[in-house]
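Notes to accompany the following structure.
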Amino acid sequence: MGYTVRMVAEKTNLSPNALRYYEKEGLLPNVKRTNSGIRHYSDEDLEWLSLICCLKNTGMSIKQIRNFVDLSLQGPETLKDRCEMLVAHKREVEEHIAEMNRHLEKVTHKISYFTRQYDEFQIKKENI
């Protein structure tokens, strides 16, 4: 038994259109269909969707994800290439996180600065 588009959409919080788009783009190449053309997703398809969402949400492009899927379909001979691809992506994500942390530090500093300014303003206002 498989999962319908609607069931997968509910499980993954993806729209049916997004699921069809991922399939059309070659990110889910093994989705089975009934004789009448209705998609039936397997547990393996759900695992792929989880990885696709993870990679996409961490900034990997659809083209890069498709490349990863294509490598996966070629079998164990491409394990090294896939690992290198994920290591490079991890490095990019870590760099992005470091950059975001620097921005967060600046925002935190500004919150402290403006809070002090506001407190001082309130004290001056009360003394008038």
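Numbers here simply count residues along the sequence, with the first being 1. Excluded from the calculations below are hydrogen atoms, water molecules and symmetry mates; all remaining heavy atoms, backbone and side chain alike, are included.
Rounding to the nearest 0.5 angstrom, the gap separating the OG atom in S42 from the CG atom in L28 is 9.5 Å. Rounded to the nearest 0.5 angstrom, T78 OG1 and L73 CG are separated by 8.5 Å. Within the model, atoms CD1 of I65 and CG of L55 stand 5.0 Å from one another, a figure rounded to the nearest 0.5 Å. Note that SG of C53 and CG of N13 are 9.5 Å apart. Values are rounded to the nearest 0.5 Å. In this structure, CG in L51 is found 8.0 Å from OG in S72, a value given to the nearest 0.5 Å. Taken from CG in L14 to OH in Y22, the straight-line distance is 5.5 Å, to the nearest 0.5 Å.
Through side-chain heavy atoms spaced under 4.5 Å, either directly or across other Ile, Leu, Val, Met, Phe, Trp or Tyr residues, I97 is tied to V93. Hydrophobic cluster membership for Y113: F114 (Ile, Leu, Val, Met, Phe, Trp, Tyr linked by side-chain heavy atoms under 4.5 Å, directly or transitively). Through direct or indirect side-chain contacts shorter than 4.5 Å among Ile, Leu, Val, Met, Phe, Trp and Tyr, I111 is connected to V107.
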Applying side chain to side chain donor-acceptor pair (under 3.5 Å) to E105 and T108, what does each step give before you reach the verdict?
CA-CA 5 Å; E105 286 174 20; T108 301; over 6 Å; no

Would F68 and L86 satisfy side-chain contact (heavy atoms from CB on, under 4.5 Å), going step by step from the backbone distance to the final call?
CA-CA 9 Å; F68 184 85; L86 290 177; 3.8 Å; yes

side-chain contact (heavy atoms from CB on, under 4.5 Å) between L19 and Y41, intermediate numbers included
CA-CA 10 Å; L19 293 169; Y41 296 86; 3.7 Å; yes

Hey, mind stepping through Y3 and L46 against side-chain contact (heavy atoms from CB on, under 4.5 Å) and telling me if it holds?
CA-CA 9 Å; Y3 305 95; L46 292 181; 3.5 Å; yes

List the steps, then state whether side-chain contact (heavy atoms from CB on, under 4.5 Å) holds for E99 with H103.
CA-CA 6 Å; E99 180 182 357; H103 294 316; 3.5 Å; yes

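Remark: K90 pairs with E94 by the side-chain hydrogen bond (donor to acceptor under 3.5 Å, both in side chains) rule, at least two apart or across chains. The side-chain hydrogen bond (donor to acceptor under 3.5 Å, both in side chains) test applied to T58 returns H89, not counting sequence neighbours. Every residue two or more places apart in sequence or in another chain was checked for a salt bridge (Lys or Arg N to Asp or Glu O under 4.0 Å) with E95, and none qualifies. Take K32 and apply the salt bridge (Lys or Arg N to Asp or Glu O under 4.0 Å) test, not counting sequence neighbours, and it matches no residue. Every salt bridge (Lys or Arg N to Asp or Glu O under 4.0 Å) that E10 has, sequence neighbours left out, goes to R6.
Nearest heavy atom pair, residue A9 against residue S15, reads CB-C, 4.4 Å.
Under the salt bridge (Lys or Arg N to Asp or Glu O under 4.0 Å) criterion, the residue pairs touching residues 72-83 are K80-E84, with sequence neighbours excluded. Within the structure, salt bridge (Lys or Arg N to Asp or Glu O under 4.0 Å) contacts touching residues 119-128 (residues at least two apart or in different chains) do not occur. Among residue pairs with one or both ends in residues 62-73, those qualifying as salt bridge (Lys or Arg N to Asp or Glu O under 4.0 Å) are E25-R66; sequence neighbours excluded. Judged as a salt bridge (Lys or Arg N to Asp or Glu O under 4.0 Å), the pairs with a partner in residues 37-58 (not counting sequence neighbours) are, in order, E23-R39.
Other residues, nucleotides and ligands place more than 12 heavy atoms under 6.0 Å from the CG atom of N127.
The cluster map of Ile, Leu, Val, Met, Phe, Trp and Tyr, joined by side-chain heavy atoms under 4.5 Å apart, puts L79 and L71 in different clusters. No chain of hydrophobic side-chain contacts below 4.5 Å, direct or via other Ile, Leu, Val, Met, Phe, Trp or Tyr residues, connects V5 to I38.
Taking the side chain as every heavy atom from C-beta outward, Q64 and S61 approach each other to under 4.5 Å. Contact annotation: the side chain of Y21 never approaches that of L27 to less than 4.5 Å [non-hydrogen atoms, C-beta and beyond].
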